[in-house]
Amino acid sequence: MKIIDYYNIDELLTEEHILIRNSVSKWVDKNVIPVIDNYAQNHEYPKHLLKEMGELGALGCFIPNEYGGAGMDYISYGLIMQELERGDSSIRSTGSVQSSLVMYPIFEFGSEAQKMKYLPKLASGDFIGCFGLTEPNHGSDPGSMETKISKKNGKLVLNGSKMWITNSPIADIAVVWAKNDENKVIGLIVEKGMKGFTAPEIKNKWSLRASLTGELVFDNVVIPEENILPNIKGLKGPMMCLNSARYGIAWGAIGAAIDCYTTALNYSLERNQFNKPIASFQLTQKKLAEMITEITKAQLLVWRLGNLKNNGNASPAQISMAKRNNVKIALDIARESRQILGAMGISGDFSIMRHMANLESVITYEGTHDIHTLITGFDVTGIAAFK
Ligand code: TGC
Ligand code: FAD
């Protein structure tokens with residue numbers, strides 16, 4: 001376990017929070033850290049971990065027990081994401097997508113039959129889900145999506161494509177956002193094996209190499225009426241899912257930062273140059289001091305945000321601020337930590353370069369760093385600068 005608690009933030013957590021964090025932390029130490037470099041180097045996804053994540057309660061932990069979830073609060077969700085990402089962003093990605101982007105919309109916008117059909121299997125890891133919003137021509141601007149679901153001869157027919165979709169090549173179901181005949185965004189569940197539906201993998205990534213990313217291609221896929229999410233219309237549907245996932249990422253990035261910082265600190269105490277540990281040089285200490293300060297600030301930010309979220313009071317702009325800040329500080333910490341390790345910093349024997357490469361995706365997905373800057377700008381000025 002690598003717990004960084006410079007400001008005694010554990011005092012603000014409940015015993016249950018600490019128990020949940022520590023059990024996920026131990027699982028990550030035992031089952032993720034020893035194998036993850038190999039999976040990343042080979043560009044493979046450790047699918048066997050999914051069922052174990054289900055057993056841990058890490059899939060849809062905030063979904064009520066009656067649907068297979070663990071009924072936990074949002075601080076617990078955040079702590080779980082932090083520990084998963086301390087192992088690797090790809091493992092946290094699976095946790096985020098399954099929990100916030102697949103289970104959340106089915107729970108929040110789905111029919112009772114949809115909830116009973118999908119949620120327990122997603123919670124246990126028997127099913128893996130993905131979330132299709134981004135398209136080849138529309139990333140930051142999902143409102144301009146071209147994927148279309150139209151009535152043809154009395155049937156609902158889906159056409160279009162989605163791009164950069166986490167876990168799509170192995171997903172059993174995809175929560176997909178498309179425009180209907182009234183040009184309104186609606187959500188629907190596409191199942192693996194439906195005629196005209198394919199999910200090819202996007203290969204050759206330098207980031208999130210232990211995660212599968214792919215496309216979703218819909219060529220006249222007939223969607224049964226019962227697969228439409230009945231209780232949502234408009235872009236706010238997918239955006240509400242993103243609020244939940246971005247919140248989890250704000251916590252997750254701290255995990256990657258903690259792993260980089262502790263690796264750099266330990267290395268700097270052991271590595272001697274000029275007959276002294278490199279930790280004794282002021283420039284190294286400056287780097288370490290700034291890292292622990294930024295980690296502590298990030299922890300306080302998400303602790304407060306988690307409490308707001310538990311009370312239903314976390315605004316989308318507050319979530320954006322935490323996602324933007326915490327991913328940026330994690331990326332900066334990864335870069336500074338790598339410098340402290342010198343040449344060793346580029347080796348797969350240490351986790352830093354892997355975290356750094358992963359965080360280049362994390363700073364882009366779920367809204368780029370600059371889009372979140374504009375969301376904060378909009379919130380404080382009342383003027384939208386997106387268009
Ligand atoms: P805009 O006109 O502002 O809004 C359209 C409607 O949506 C509502 N809305 C929200 N509702 C809830 N929460 C939010 N965060 C919301 N943001 C917007 C808004 O109130 C409005 O509702 P209504 O009822 O008035 O119609 O939309 P816009 O077209 O101007 O775009 C705004 C912008 C740029 C901020 C937004 O679209 C955006 O955030 N773009 C970034 C796209 C993004 O984050 N994509 C992520 C794809 S999923 C992913 O990356 C998964 S990676 C997972 C992993 O592996 O971990
Ligand atoms: P673009 O939108 O083309 O942006 C390119 C650049 O232009 C960025 O720097 C951006 O900040 C800037 N820019 C764009 N608009 C503005 C503006 N108005 N003002 C200023 N600057 C602007 N999507 C899903 O739907 N589901 C997933 O599961 C998923 N998983 C992903 C996994 C990985 C590994 C990656 C890398 C991406 C994933 N995505 C997923 C897609 C991700 O959400 C998008 O990449 C992201 O939203 C940005 O879109 P884009 O790549 O098309 O960039």
Side-chain angles (χ1 to χ4, degrees), residues 43 45 81 84-85 88-102 104-105 108 128-145 147 161-169 171 174-178 183-185 187 199 201-216 232-253 314-321 323-324 327 357-379 382-387:
H43 214 323
Y45 177 62
M81 294 300 116
L84 295 181
E85 193 144 8
D88 195 85
S89 305
S90 62
I91 307 301
R92 197 269 309 135
S93 259
T94 288
S96 295
V97 171
Q98 189 94 338
S99 305
S100 288
L101 299 182
V102 180
Y104 171 85
E108 206 62 43
I128 185 161
C130 69
F131 175 88
L133 180 64
T134 305
E135 300 187 349
N137 296 325
H138 308 285
S140 299
D141 177 20
S144 300
M145 69 175 69
T147 299
S161 65
K162 301 287 175 179
M163 179 102 176
W164 297 111
I165 308 303
T166 298
N167 285 337
S168 82
V175 169
V176 173
W177 301 92
N183 222 23
K184 287 262 181 298
V185 173
E201 188 182 348
I202 298 171
K203 296 197 170 143
N204 211 16
K205 299 186 316 236
W206 283 93
S207 174
L208 280 177
R209 286 176 60 83
S211 168
L212 294 175
T213 315
E215 297 172 54
L216 298 170
I232 190 70
K233 254 196 194 127
L235 191 62
K236 71 170 189 267
M239 296 312 294
M240 285 168 69
C241 305
L242 295 182
N243 292 338
S244 178
R246 290 168 175 175
Y247 166 81
I249 289 174
W251 281 86
S315 74
Q318 286 169 331
I319 294 169
S320 275
M321 180 182 281
K323 191 271 183 185
R324 175 179 179 273
V327 177
N358 286 340
L359 289 164
E360 291 291 346
S361 284
V362 182
I363 205 164
T364 293
Y365 66 34
E366 300 275 4
T368 67
H369 186 76
D370 285 349
I371 287 294
H372 289 295
T373 309
L374 296 181
I375 290 172
T376 304
F378 180 25
D379 200 48
I383 305 166
F386 308 109
K387 303 174 189 172

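For ligands, and for the atoms within them, numbers begin at 1 and follow the listed sequence.
When only non-hydrogen protein atoms are considered, atom 45 (O) of ligand 2 lies nearest to T364 CG2, 3.8 Å. Looking only at heavy atoms of the protein, atom 26 (N) of ligand 2 is closest to F131 O, 2.9 Å. Among protein heavy atoms, the minimum distance from atom 18 (N) of ligand 2 is reached at F386 O, 2.9 Å. With hydrogens left out, the protein atom closest to atom 48 (C) of ligand 2 is T368 CG2, 3.8 Å, a heavy atom. In terms of protein heavy-atom proximity, atom 49 (O) of ligand 2 is nearest to G139 CA, 3.3 Å. If you check which protein heavy atom lies closest to atom 36 (C) of ligand 2, you get S361 OG, 3.8 Å. For atom 19 (N) of ligand 2, the closest non-hydrogen atom on the protein side is L374 CD1, 3.4 Å. Ranking protein heavy atoms by distance to atom 39 (N) of ligand 2, first place goes to W164 O, 3.0 Å.
In this structure, K162 contributes its side chain and W177 its backbone to a donor-acceptor pair below 3.5 Å. Between the side chain of T373 and the backbone N or O of H369, at least one donor-acceptor pair lies under 3.5 Å. In terms of modelled atom types and a separation under 3.5 Å, the side chain of H372 and the main chain of G367 share a donor-acceptor contact. At least one donor-acceptor pair closer than 3.5 Å links the side chain of S207 to the backbone N or O of A357. Between the side chain of E135 and the main chain of P142, no donor-acceptor pair closer than 3.5 Å is present. Judged by distance alone, with hydrogens and angles left aside, the side-chain atoms of H43 form a donor-acceptor pair with the main-chain N or O of K205 at under 3.5 Å.
A 4.5 Å side-chain heavy-atom check between N243 and Q318 finds every atom pair outside the cut-off. In this structure, the side chains of L208 and S89 come closer than 4.5 Å at one or more pairs of heavy atoms. The shortest distance between side-chain heavy atoms of R324 and I375 does not fall below 4.5 Å. Contact of the S320 side chain with the R246 side chain is registered, since non-hydrogen atoms from C-beta on lie closer than 4.5 Å. By the 4.5 Å heavy-atom criterion applied to side chains, W164 and I202 are counted as neighbours.
For ligand 2, the atoms closer than 4.0 angstrom to any heavy atom of D370 are 11 (O). Using a 4.0 Å cut-off to heavy atoms of E366, the atoms of ligand 2 that qualify are 43 (O). Near L208, meaning under 4.0 Å from any of its heavy atoms, are these atoms of ligand 2: 34 (C).
Counted within 6.0 Å of CE on M163, heavy atoms from surrounding residues, nucleotides or ligands total more than 12; the atom is thus considered enclosed.
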Please lay out, stage by stage, how L101 and E366 fare under the test side-chain contact (heavy atoms from CB on, under 4.5 Å).
CA-CA 11 Å; L101 299 182; E366 300 275 4; 3.6 Å; yes
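Remark: the S93 side chain and the Y365 side chain contain an N/O donor-acceptor pair separated by less than 3.5 Å. No donor-acceptor contact under 3.5 angstrom links the side chains of D370 and T368, judged on distance only.
Inside a 4.0 Å radius of atom 34 (C) of ligand 2 there is at least one protein heavy atom. In this structure, atom 6 (C) of ligand 2 has its sub-4.0 angstrom surroundings free of protein heavy atoms. For atom 23 (N) of ligand 2, the nearest protein heavy atom lies closer than 4.0 Å. There is no protein heavy atom closer than 4.0 angstrom to atom 12 (C) of ligand 2.
The closest non-hydrogen atom to atom 2 (O) of ligand 2, taken over C130, S140, P238, C241, comes from S140.
Between D141 and ligand 2, no pair of N/O atoms sits closer than 3.5 Å. Checked by distance only, ligand 2 and T134 come closer than 3.5 Å through their nitrogen or oxygen atoms. Looking at ligand 2, you'll find an N or O of L133 within less than 3.5 Å of one of its N or O atoms.
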Between ligand 1 and the protein, which N/O pairs fall short of 3.5 Å?
{"from": "ligand 1", "atom 1": "13 (N)", "to": "N243", "atom 2": "ND2", "distance (Å)": "2.9"}
{"from": "ligand 1", "atom 1": "15 (N)", "to": "N243", "atom 2": "OD1", "distance (Å)": "2.8"}
{"from": "ligand 1", "atom 1": "30 (O)", "to": "K387", "atom 2": "NZ", "distance (Å)": "3.3"}
{"from": "ligand 1", "atom 1": "39 (O)", "to": "R246", "atom 2": "NH2", "distance (Å)": "3.0"}
{"from": "ligand 1", "atom 1": "40 (N)", "to": "S140", "atom 2": "O", "distance (Å)": "2.9"}
{"from": "ligand 1", "atom 1": "44 (O)", "to": "R246", "atom 2": "NH2", "distance (Å)": "2.8"}
{"from": "ligand 1", "atom 1": "44 (O)", "to": "G367", "atom 2": "N", "distance (Å)": "2.8"}
{"from": "ligand 1", "atom 1": "50 (O)", "to": "E366", "atom 2": "N", "distance (Å)": "2.8"}
{"from": "ligand 1", "atom 1": "55 (O)", "to": "S93", "atom 2": "OG", "distance (Å)": "2.8"}
{"from": "ligand 1", "atom 1": "55 (O)", "to": "T166", "atom 2": "OG1", "distance (Å)": "2.8"}
{"from": "ligand 1", "atom 1": "56 (O)", "to": "R92", "atom 2": "NH1", "distance (Å)": "3.1"}
{"from": "ligand 1", "atom 1": "56 (O)", "to": "S93", "atom 2": "OG", "distance (Å)": "3.1"}
{"from": "ligand 1", "atom 1": "56 (O)", "to": "Y365", "atom 2": "OH", "distance (Å)": "3.3"}

